[in-house]
Amino acid sequence: MSGKPDRLAVLVSGRGSNLQALLDAIAGQRLDAGIVGVFSNQPAADALERVAPPLRWSLDAKQCSGRAEFDQRMADAIAERRPDWIVCAGYMRILGDDFVRRFAGRMLNIHPSLLPKYPGLHTHVHAIEAGDTEHGASVHFVNEHLDAGALIAQAVIPIIPGDTPDALAARLLPREHRLLTAVMRLAVAGRLAERNGKAEIDGHCLLQPLRLDCDGSLMP
Ligand code: GRF
């Protein structure tokens, strides 16, 4: 490691509260990193407003001939900023295989379910309709399959009788923020890696995802 703070590229599509959690952690010296770019498929995303204009990059996919062109242009823009980690934080567009392979082993995603349950959209609805008693969020390495890469850590919350998808999402969100920050602390400390499709902490393969405890620490 160079001793310089790790460089983070953050991919966003909407509100950007997870990006804000990373910005707050950096400002509060709880995360030794710098955001070197925020990238979006939605030029009007509120998330972009959370950083200074030179850090913003966006492209409307309608301006591109297809997924390959969009992915190539965004990947080139990301690579120009020389990030150590690429963090999908509420990024809602599918990334093609070439994009994923280019950044393999250093691209992470936060997803609002206890993966492998409920990849894709409407996770809160699915958890309630299934009668689950617990729900949560997962951070994982990104691979070529949707929400299916190596799991790193999860935050778990109870589902309360009468919960609505909106109430559940609102209760989960602050836990997502702590989860993402905690995982990024491991990443920038050089403790997190992916090998043979599995997550490793300190060189040891994770047999099950770490779990976020009440005070924001990650436990085996
Ligand atoms: C979060 O629930 C995240 O897990 C999911 O989309 C939501 C984005 O929220 N992928 P925000 O844009 O970070 O506020």
Side-chain angles (χ1 to χ4, degrees), residues 8-28 30-31 33 35 37-51 55-61 74 85-95 99-100 103 107-128 132 134-143 145-159 163-185 187 209-212 216 218:
L8 310 185
V10 184
L11 276 54
V12 295
S13 296
R15 143 188 81 176
S17 69
N18 280 286
L19 166 65
Q20 189 64 52
L22 295 178
L23 289 164
D24 292 346
I26 291 168
R30 287 175 285 112
L31 180 64
I35 306 268
V38 174
F39 300 83
S40 186
N41 62 318
Q42 297 286 354
D46 290 339
L48 290 166
E49 304 290 324
R50 296 179 187 267
V51 293
L55 293 182
R56 299 174 195 161
W57 183 95
S58 65
L59 177 62
D60 187 337
M74 186 163 78
W85 295 96
I86 295 95
V87 186
C88 300
Y91 184 70
M92 304 303 284
R93 184 179 158 86
I94 288 177
L95 297 164
F99 186 103
V100 171
F103 299 113
M107 183 155 54
L108 307 177
N109 179 47
I110 181 156
H111 180 75
S113 81
L114 295 174
L115 290 170
K117 280 188 166 182
Y118 318 132
L121 299 175
H122 311 305
T123 59
H124 315 300
V125 174
H126 292 313
I128 290 172
D132 294 352
E134 288 188 326
H135 186 47
S138 305
V139 176
H140 62 91
F141 282 99
V142 175
N143 69 8
H145 306 287
L146 182 67
D147 300 325
L151 283 171
I152 301 162
Q154 294 183 319
V156 182
I157 63 169
I159 297 182
D163 252 340
T164 62
D166 285 350
L168 190 54
R171 225 170 48 254
L172 180 59
L173 195 62
R175 300 298 290 158
E176 287 190 41
H177 298 160
R178 296 192 87 157
L179 178 69
L180 183 61
T181 304
V183 171
M184 292 318 299
R185 282 168 58 88
L210 300 173
R211 194 162 159 147
L212 189 76
L218 291 173

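Sequential numbering from 1 along the given sequence is applied to the chain's residues. When a ligand or atom number is given, it counts from 1 through the structure's own listing order.
Closest non-hydrogen pair, Ser58 versus Leu48, comes out as CB-CD1, 3.9 Å.
Under the salt bridge (charged side-chain N to carboxylate O under 4.0 Å, His left out) criterion, Arg171 pairs with Asp163, not counting sequence neighbours.
Looking only at protein heavy atoms, the nearest one to atom 9 (O) of ligand 1 is Arg15 NH2, 3.2 Å. The shortest contact between atom 5 (C) of ligand 1 and any protein heavy atom is with Pro112 CD, 3.8 Å.
Ranked by closest heavy atom to atom 10 (N) of ligand 1, the top entry among Val139, Ile110, Leu179 is Ile110. Nearest residue to atom 11 (P) of ligand 1 from Ala169, Gly90, Ser17 is Ser17 (criterion: closest heavy atom).
Using a non-hydrogen distance threshold of 4.0 Å, Gly16 registers as a contact of ligand 1.
Taking the side chain as every heavy atom from C-beta outward, Asp24 and His177 never approach each other to under 4.5 Å.
Taking CZ from Arg178 and CG from Leu173, the interatomic distance works out to 13.0 Å, rounded to the nearest 0.5 Å. Note that the NE2 atom of His135 and the OG1 atom of Thr123 stand 4.0 Å from one another [nearest 0.5 Å].
Between the Arg175 side chain and the Val156 main chain, no donor and acceptor come within less than 3.5 Å of each other.
For ligand 1, one of its N or O atoms has an N or O atom of Glu176 under 3.5 Å away. For ligand 1, the polar-atom distance check finds no N/O of His111 at less than 3.5 Å from any of the ligand's N/O atoms. Remark: ligand 1 and Gly14 share no N or O pair separated by less than 3.5 Å (distance only, no angle test).
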